[in-house]
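Letters A, B, ... mirror the listed sequences (proteins, then strands); counts begin at 1. Only heavy atoms go into these numbers, but all of them, side chains included; no hydrogens, no water, no symmetry mates. Since we're looking at a predicted model, the values are computed, not measured.
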2 protein chains.
Amino acid sequence: MAQRTSPAAEEPNRRAELVRAAGRLFREQGYDATTIRDIAAAVGMRSGSPFYHFKSKQDLLKTVVLEGMHAALAAIEAVLAQRLPPRETFHALIRAHLDTILVSGGDFAPVLLHEWRSLSPESRAEIVASKDRYEKIWQKTLTDLKRANLIADDSSLARLLIIGSINWTAQWYRPDGKLSIDKLAKRTANFFLLS
Amino acid sequence: MAQRTSPAAEEPNRRAELVRAAGRLFREQGYDATTIRDIAAAVGMRSGSPFYHFKSKQDLLKTVVLEGMHAALAAIEAVLAQRLPPRETFHALIRAHLDTILVSGGDFAPVLLHEWRSLSPESRAEIVASKDRYEKIWQKTLTDLKRANLIADDSSLARLLIIGSINWTAQWYRPDGKLSIDKLAKRTANFFLLS
DNA sequence: GCCAGTCAACCAAGCAATTGCTTGGTGAAT
DNA sequence: ATTCACCAAGCAATTGCTTGGTTGACTGGC
């Protein structure tokens, strides 16, 4: 947990560079296919140096995924804080989720997606907590939508199908294509809403 | 009885056992995390023997994915051949897709999903052909549904969102849970259809 | 019925490369 | 002089894959 007592929480240092480089490489090549040497070289270090900042490769993966998950959670909680009407909340949630998944720098989501099994059980437990909160926010929004007759089904299956379709965009969306994330969010929201 | 004309296409031999075992292990542990020794042991061989049947580990992965992809394509083409009305075709397509993805023995889909990047470019090209045909079938069904006013949107985005949500079931569906694949297919179809 | 020959299918053993990670040191800043 | 952040070198284990043999089933010729 909180292991750093003196230097607060986040330093703008090489440690952060390692996390960013690792995130990118994990996404591009996968966890197993990425070597410590790759990550070290990406920030101009030698092969053994990352172990000064992280006690193992697993630890690096865990940091990448956890920091990303926290950022994602913060994003949709910021949406909730705006207290928009259901329809707009739905759209904003989709927009936030797409941003988290698709925008450059957000490498964590694909990594979390693909390398879930590479995580230790303890790391997974930490993530599940955030995931539960994430899902609760969505579920509540769906319930509000149903109450406003803007959606036909607010079951947890509906939530899984909706979030699933959005998560899947990571598989086919190309940032250099014609479809902007803005438009994608709008069209996706309309697709799921009635009328 | 044994009327194998040539040893060309499909023998019930050890080779098939290797493909099945590899598929299962690739899904459970990932491609990189699965060793040739794992696969060999799973069928009672020694570490070097699989290389009699496959020239490399990559070749094994390619076989797993390609055979699975062809089976999946065959499944939905069988649905098309039934010439059901749009609504029933839609339901049957979802059912077939879920079967391909979720049913035991169908390990290829999660593997294809996760280990796409581990494939050589040539292997990918072979798969893309099947994928294109797969998508065309879906797209045509969506167009028919729209014509019958059973769906609001038949754009390719709609197709991506629908297929995406179904593909994502592989991430959360548990065969030992309360929800049968039959029910899941039915409820999913109803979720996307109007009224 | 017998036996050399063939071939498919495997094993036993190991090689070369790669891997995560460790250890002892080093220059700069404090 | 101590600490921080890193390097240089390498170790032990694992990996995909190769090579040369071995076994059993099946031939064909006599």
Side-chain angles (χ1 to χ4, degrees), chain A residues 3-23 25-26 28-65 111 115 117-120 122-123, chain B residues 1-23 25-26 28-65 111 115 117-120 122-123:
Chain A
Q3 231 171 351
R4 278 167 260 103
T5 47
S6 35
E10 58 267 312
E11 308 162 8
N13 248 347
R14 303 303 302 281
R15 186 192 145 99
E17 287 181 43
L18 278 172
V19 173
R20 233 179 321 149
L25 290 169
F26 287 163
E28 290 172 2
Q29 319 175 349
Y31 176 73
D32 290 298
T34 301
T35 69
I36 288 287
R37 286 165 176 82
D38 290 339
I39 300 169
V43 299
M45 284 182 183
R46 310 290 171 173
S47 72
S49 301
F51 292 99
Y52 174 77
H53 297 277
F54 300 91
K55 69 181 216 288
S56 69
K57 191 184 170 188
Q58 269 274 337
D59 192 33
L60 229 176
L61 173 62
K62 170 185 152 184
T63 303
V64 168
V65 170
V111 171
E115 319 299 347
R117 66 181 159 228
S118 301
L119 285 166
S120 67
E122 309 91 60
S123 306
Chain B
M1 289 303 200
Q3 216 198 342
R4 312 253 182 278
T5 51
S6 65
E10 58 269 309
E11 307 165 7
N13 248 347
R14 304 303 301 281
R15 186 193 144 99
E17 288 182 44
L18 278 172
V19 174
R20 233 180 320 151
L25 290 170
F26 286 163
E28 289 173 0
Q29 317 176 351
Y31 175 74
D32 290 297
T34 301
T35 69
I36 288 288
R37 285 165 176 82
D38 290 338
I39 300 169
V43 300
M45 285 181 183
R46 308 292 171 173
S47 73
S49 302
F51 291 98
Y52 174 78
H53 297 277
F54 300 91
K55 71 180 214 290
S56 69
K57 191 184 168 189
Q58 269 274 338
D59 192 33
L60 229 177
L61 173 63
K62 171 185 153 183
T63 304
V64 167
V65 170
V111 171
E115 319 299 346
R117 67 182 159 228
S118 301
L119 285 166
S120 67
E122 309 91 60
S123 307

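Taking 4.0 angstrom as the limit, B:His53 places a side-chain polar atom (N or O) nearer than this to OP1 or OP2 of C:dC10. OP1 or OP2 of C:dC10 lies within a sub-4.0 Å distance of a side-chain N or O belonging to B:Arg14. OP1 or OP2 of C:dA12 has at least one side-chain nitrogen or oxygen of B:Arg46 nearer than 4.0 Å. Taking side-chain N and O atoms only, A:Tyr52 has no distance below 4.0 Å to OP1 or OP2 of D:dC6.
Residue B:Leu18 contributes atom CG, which lies 11 Å from atom C1' of C:dA9 at whole-angstrom precision. With rounding to whole Å, A:Phe51 atom CZ is found 15 Å from D:dA8 atom C1'. To the nearest angstrom, C1' of D:dG16 lies 13 Å from CG of B:Asp38. Distance, A:Leu60 CG to C:dC21 C1': 13 Å, rounded to whole Å. The CZ-C1' distance, from B:Arg37 to D:dA13, rounds to 11 Å in whole Å. A straight line from CD of B:Gln58 to P of D:dT15 spans 17 Å, rounded to a whole angstrom. Here the P atom of nucleotide D:dT18 and the CG atom of B:Asp59 are 12 Å apart, to the nearest Å.
Each of C:dC11, D:dC17, C:dG20 was ranked by its minimum atom distance to the side chain of B:Ser49; first place goes to C:dC11.
A donor-acceptor pair under 3.5 Å is formed between the side chain of A:Tyr31 and the backbone N or O of A:Gln58. The main-chain N or O of B:Leu25 is found under 3.5 Å from a side-chain atom of B:Thr34 such that the two form a donor-acceptor pair.
If you find the closest nucleotide of DNA chain D to B:Asp32 and to A:Gly48, the one lying nearer the 5' end belongs to A:Gly48. Both A:Lys55 and A:Thr35 lie near DNA chain C, and the one whose nearest nucleotide falls closer to the 5' end is A:Thr35.
If you run side-chain contact (heavy atoms from CB on, under 4.5 Å) between A:His53 and each of A:Leu18, A:Asp59, A:Asn13, A:Val19, only A:Leu18 comes through.
Within 4.0 Å (heavy atoms only), A:Ser47 reaches at least one base atom of the nucleic acid.
Taking the charged nitrogens against the carboxylate oxygens, B:Glu17 and B:Arg20 have no contact shorter than 4.0 Å, which rules out a salt bridge.
For the pair A:Ile36 and A:Pro50, the tightest heavy-atom approach, listed with the atom from each and the gap, is CG2-CG, 4.1 Å.
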